[in-house]
Amino acid sequence: MLYTGILEVPLQGIRQKVRDFVLKNDLFPALDLCCGPGTQAGQLWRRGSPAVGLDINLKMLKYAASRRRQVSFLCADAARTPFRPATFRGIVISFALHEMETEFRARLLSEAKSLLAPDGRLVVVDFERPWDTASRTAYLYVSAVERMAGRSHFRNGRDFFRRGGLRALLRENGLREVERQNIAAGTCAVVLAAPL
Ligand SMILES: C[S@@+](CC[C@H](N)C(=O)[O-])C[C@H]1O[C@@H](n2cnc3c(N)ncnc32)[C@H](O)[C@@H]1O
């Protein structure tokens, strides 16, 4: 799949940081919301620790399931999942929010918060406004890749940056940052977050 071919190598370090957050905080059972090709969900798996990947794109999920046989995959809308409230200790949302409409981002985060167990955590990866020379350079590359992803994806991504990136989105949706790792080379961040 083209998506996996282009992005998997540059994203390896980020995937590892997400995995580290999940393992360090023992965030199982874990759910990867909008899991795409399942690479991150596959890296969350640990014997005896359930991990589930959810996406709305069945073709993408079939591909994910063919590569990551230990993980369960489910085709559903991330803003209206079939899970009971408080089912997961960890929920990962990686590079999905920026491409969504503003109102939908809020619905998805509201659903994610409701699925979290009382001591659960979100691990969210997404873009931040550039903050130094390295991230400003990375922003040019990110913009070029985003442009290739299609008109609505690009428009929503621009809106995401304009509104203040991941930091602002979490704050506006009642999430506090517990820990963060900024990644200048991707003008993005991996954030461990909890509901306020
Ligand atoms: C840019 S990809 C990110 C994939 C993956 N999280 C990663 O880090 O590689 C965004 C994914 O969100 C999924 N998606 C978009 N809208 C969704 C929705 N309403 N419910 C579930 N998945 C959705 C898309 O099908 C796509 O696989």
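Both counts, for ligands and for their atoms, begin at 1 and track the order of listing.
Less than 4.0 angstrom separates some heavy atom of Ala76 from each of these atoms of ligand 1: 20 (N), 21 (C). Near Met60, with a cut-off below 4.0 Å to any heavy atom, the atoms of ligand 1 are 27 (O). Residue Asp77 has at least one heavy-atom neighbour below 4.0 Å for each of these atoms of ligand 1: 18 (C), 19 (N), 20 (N). Under a 4.0 Å criterion applied to the non-hydrogen atoms of Phe104, ligand 1 contributes the atoms 19 (N). For ligand 1, the atoms closer than 4.0 angstrom to any heavy atom of Gly36 are 4 (C), 27 (O). Close approach of ligand 1 to Asn57 is summarised as follows: ligand atoms under 4.0 Å from at least one heavy atom of the residue are 25 (O).
Between Lys24 and Glu179 a salt bridge is recorded (basic side-chain N to carboxylate O distance below 4.0 Å).
Geometrically, ligand 1 and Pro37 share no nitrogen or oxygen pair separated by less than 3.5 Å. An N or O contact shorter than 3.5 Å is missing between Asp32 and ligand 1 by distance. Polar contact with ligand 1: present for Cys34 (N/O pair, distance under 3.5 Å). Considering backbone and side-chain atoms together, Glu99 places no N or O closer than 3.5 Å to any N or O of ligand 1.
Closest approach of Gly38 and Arg68 over heavy atoms only: O-CG, 3.4 Å. Smallest separation of non-hydrogen atoms from Leu192 and Phe21: N-CE1, 4.1 Å. Taking both residues in full, the closest heavy atoms of Ile91 and Ala112 are given as CD1-O, 3.4 Å, listed atom of the first, atom of the second, then distance.
Classified by interplanar angle (parallel below 30°, tilted 30° to 60°, perpendicular above 60°), the ring pair Phe95/Phe127 is tilted.
Atoms CG and CD1, on Leu109 and Ile93 in that order, are 5.0 Å from each other to the nearest 0.5 Å. Note that CG of Leu33 is 10.0 Å distant from CG of Leu74, once rounded to the nearest 0.5 Å.
Defined by atom type and a distance below 3.5 Å, a donor-acceptor pair is missing between the side-chain atoms of Ser143 and Arg158.
Residue-level proximity to ligand 1 for Met100 is carried by the side chain, the only part with a heavy atom below 4.0 angstrom.
Residue contacts with ligand 1 include Arg15, since one or more of its heavy atoms lies under 4.0 Å from the ligand. Distances shorter than 4.0 angstrom do not occur between any heavy atom of Ala79 and any atom of ligand 1.
Under the side chain to side chain donor-acceptor pair (under 3.5 Å) test applied with Thr39, the options Gln12, Arg15, Arg67 reduce to a single match, Arg67.
When Val18, Thr39, Asp55 are ranked by how near their heavy atoms come to atom 13 (C) of ligand 1, first place goes to Asp55.
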